[in-house]
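One structure below.
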There are 2 protein chains.
Amino acid sequence: MAETTDTGLPRAVAIAWGMQEAPQRGPNRGLSHERIVAAAIQIADAEGLAAVTMQAVAKSLGFTTMSLYRYVSSKDELLRLMQDAAITLPEKVKLPGDWRDALRAWAGIVRDAYRAHPWTLDLPRGPIAVLMPNNVRAADLGLAAMKDLPLPDDEKIGVILVISQHVGASVELEQNLAAEGAVAIPDEGAQLLNEVITPARFPHLAPVMESGNYIPDDSPVVEAEDGIDPEYDLGLDLIISGLEVMEKQKAGHESSSGM
Amino acid sequence: MAETTDTGLPRAVAIAWGMQEAPQRGPNRGLSHERIVAAAIQIADAEGLAAVTMQAVAKSLGFTTMSLYRYVSSKDELLRLMQDAAITLPEKVKLPGDWRDALRAWAGIVRDAYRAHPWTLDLPRGPIAVLMPNNVRAADLGLAAMKDLPLPDDEKIGVILVISQHVGASVELEQNLAAEGAVAIPDEGAQLLNEVITPARFPHLAPVMESGNYIPDDSPVVEAEDGIDPEYDLGLDLIISGLEVMEKQKAGHESSSGM
DNA sequence: GCTTATCTGCGTATCGCATAAACAGAGTAT
DNA sequence: ATACTCTGTTTATGCGATACGCAGATAAGC
C-alpha cells in the first residue's frame, strides 16, 4: 500500500512532479528532495543499490539519518524517486524520420539511460513508476518515433512497453553477465556440467553446448563499449520486422488488396 | 563472488544438480536441501519473498535458524535454489509440429511457470541461474520447439533469451499491476496528472491519455484467468512474425531467389 | 511585538534479520 | 574402544529501518 497524499496520488509521484507545497511555518529547510535523491543516486552508482542506506545517504549530506524522514516518508519512497530521477533522457532528441530508424534510436536512448544507472532495473517497475515524469517523457518520445506508423494508439503503447521491457531485460542480462562473469565456469566445472547435460536428457541443447556455440567458456560476453550485444539487436530486429509486417497488412487493407 | 565448491561450480549449481556428496562421519541429517527449499518456496508463495527469512523457514521446519546453515551457506544460496526449484516445467510436453505454434506453446509453458511463483522474477537472473537444471531444461524445450526453423544455433539461443525475457517481463508487469492496482489513481489524482501531462509538454502522449485509450482510470488491467494480456500477445506476435520474415529470407537464399 | 501553532534536525530506542562462534552429543572409521 | 567428523543448538554481534519525543526556529494572527 503506497502512501498516498491528500491528492490521492502516491507521494512519490507528487514529489517527482514538483507538486507538494513546501510548509511555511517552521524553520528553513536545510535539505531538499533533490539533494537527497541526488546523493542517493551517487551512492548507488558508485557502490551499488545495496549501499544505499538511509544512514549512508544522510552521512554523505552531513545530516543525521532521521532527518531524511522529514522529506521522504520511507526508504521505499526514496527508491522510487531515485528510479525516476536516474532515468533521464537527453534534453533535445532528434528522431529520424523513418519509424524503423526512429524506434531503433529511441530504444538506444532508453538503453543508454538504463546503462548509465543499471541499478534502476533492480527496482520494481509498477504502475507508480509509469506515472513518473521521465517515464512519461520516454513514452511520449516513443510515440513520437511511431508517429508515421499506422497503428492504433493502444497498440503503440503496447509496442513501447514491449520494447522497453526488451531493452531493460537486455541491459539487466548484460549487467549480470558482466558482474558475475568473472566467476564464470572454470574448466573443471564445465567438465562436471557435461556429465549432467547429456544428449539423453537434453537432446536438443546438449549438441549445441558441445559444438561450443553457446557461451564457450571464454565467453563472448559483451566487452565492447557501444552495442555489440547480439541478443539486444536480435530482439529489436525481430520486433521491428514484425511491425513492418503489421504495417504492410494495414496498408493492404486500407488501400484495396495487395499492391 | 558466489561461493564456489571444490568442483569450481557455484555451490548452488552443484546442489541443484544433485552433485554434492553427503558427509558420512557424523550423525544422521535431520534435514535436506529439498525440504528446506520446499519450505522456503511455500512461504514465498504464501506471503511473498520478503517473508522468506531464515528464521521463518527454520521455524516452519521445526528447527532453529542456524541449523539451516549446515545445508546452505547463505541466504543467497537458498534463494538461488528456490528460484530453480520453483520454475518447474511439466514432465511430458507435447509441442505442436509447426514451429510457430510450438514457440507459442513453449512461451505459454514458461509463462505458467512464472505465474505459479511470480516472486522468482524478483531474483536476479544471472549466469548462475542459467546453469540450473530447470533453466537448462527450458532451453532444451525451446530448442525443440524451433527444430524445424532454419536458423543457426546461436540465433536460436538468442530467440530463446528474447522470448524468455519478454515472458518474464510481461508476467512481472502483470503482477505489479495486479498488486498495486488497488492503489491506482483515484479521480482527483487523474485531475492533477492532467495538469502536468499537457499537450505542450507531451505532444504525442497527452492526446492519447485524453482519449482514454491508455489505462482509463477504471483500468482494463488483466483480470481474466487465462491470457487476455494484450502486451504479452503483442510482443510474442511481433517476435514470431519477425522470425517468419527471417525464415523466408533464409529459404529464399537457400533455394534460388523468391518463391 | 508577542504568542502560538508548526516545523526542523537530532538523539534515543526498538525490532527484525543475517550470520559468526563455540559447544555437547551422535555416529563412523580404525 | 577411541578419535575424528558432523549435527543441531545457544549465544552474541552488527546493521538497517524507523517510531518517538525534544529543543530551537519561524511565520501568522492578535
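Quick note: numbers below take in every heavy atom, side chains included, and nothing from hydrogens, waters or symmetry partners. Not measured: the values here are computed from a predicted model.
- Salt bridge status for A:D84 with A:R80: absent, with no side-chain N to carboxylate O gap under 4.0 Å.
- Per the geometry, CD belonging to B:E77 stands 14 Å off C1' belonging to C:dA18, to the nearest Å.
- Comparing atom distances between the B:N28 side chain and each of C:dG27, C:dC7, D:dT7 picks out C:dG27 as nearest.
- The shortest distance between the side-chain N/O atoms of B:R25 and the OP1/OP2 oxygens of C:dA29 is not below 4.0 Å.
- For the pair A:R35 CZ and C:dG9 C1', the interatomic distance rounds to 13 Å; values are reported in whole Å.
- Across D:dT7, C:dT19, C:dC10, the shortest atom-to-atom separation from the side chain of A:M66 is found for C:dC10.
- For B:R70 and D:dG8, a side-chain-to-base donor-acceptor distance below 3.5 Å is present, hydrogens and geometry of angles not being considered.
- Nearest to the side chain of B:S67, among C:dC10, D:dT9, C:dT8, sits D:dT9.
- Rounding to whole angstrom units, NZ of residue A:K59 and P of D:dC15 are separated by 10 Å.
- Atom CG in B:L68 sits about 11 Å away from atom P in C:dT19, given to the nearest Å.
- Counting non-hydrogen atoms under 4.0 angstrom, B:M54 reaches the backbone sugars and phosphates but no base.
- A parallel orientation is assigned to the rings of A:Y232 and A:H166, their planes being inclined by less than 30° (bins at 30° and 60°).
- Looking at which nucleotide of DNA chain D each of B:F63 and B:P23 is closest to, the 5′-most match is held by B:P23.
- When rounded to the nearest whole Å, the span between CZ of B:R29 and P of C:dT28 equals 14 Å.
- Using modelled atom types and a 3.5 Å distance limit, the side chains of B:T120 and B:Q83 yield no donor-acceptor pair.
- Here the nucleotide nearest the side chain of A:T65, chosen from C:dA22, D:dT11, D:dT18, is D:dT18.
- Atom P of nucleotide C:dG16 and atom NZ of B:K75 are separated by 15 Å, given to the nearest angstrom.
- Listed nucleotides: D:dT10, C:dA18, D:dT18. Nearest to the side chain of B:Y69: C:dA18.
- Using a 4.5 Å heavy-atom threshold, the side chains of B:I15 and B:E77 count as touching.
- Of the listed nucleotides (C:dT8, C:dC17, C:dA21), C:dT8 has the atom at the smallest distance from the side chain of A:P27.
- Comparing B:Q24 and B:T64 by the nucleotide of DNA chain D whose heavy atom lies nearest to each, the residue mapping closer to the 5' end is B:Q24.
- Between the side chain of B:Y114 and the backbone N or O of B:L121 there is no donor-acceptor pair closer than 3.5 Å.
- Side-chain proximity of A:Q55 to D:dG8, D:dA17, C:dG27: nearest is D:dA17.
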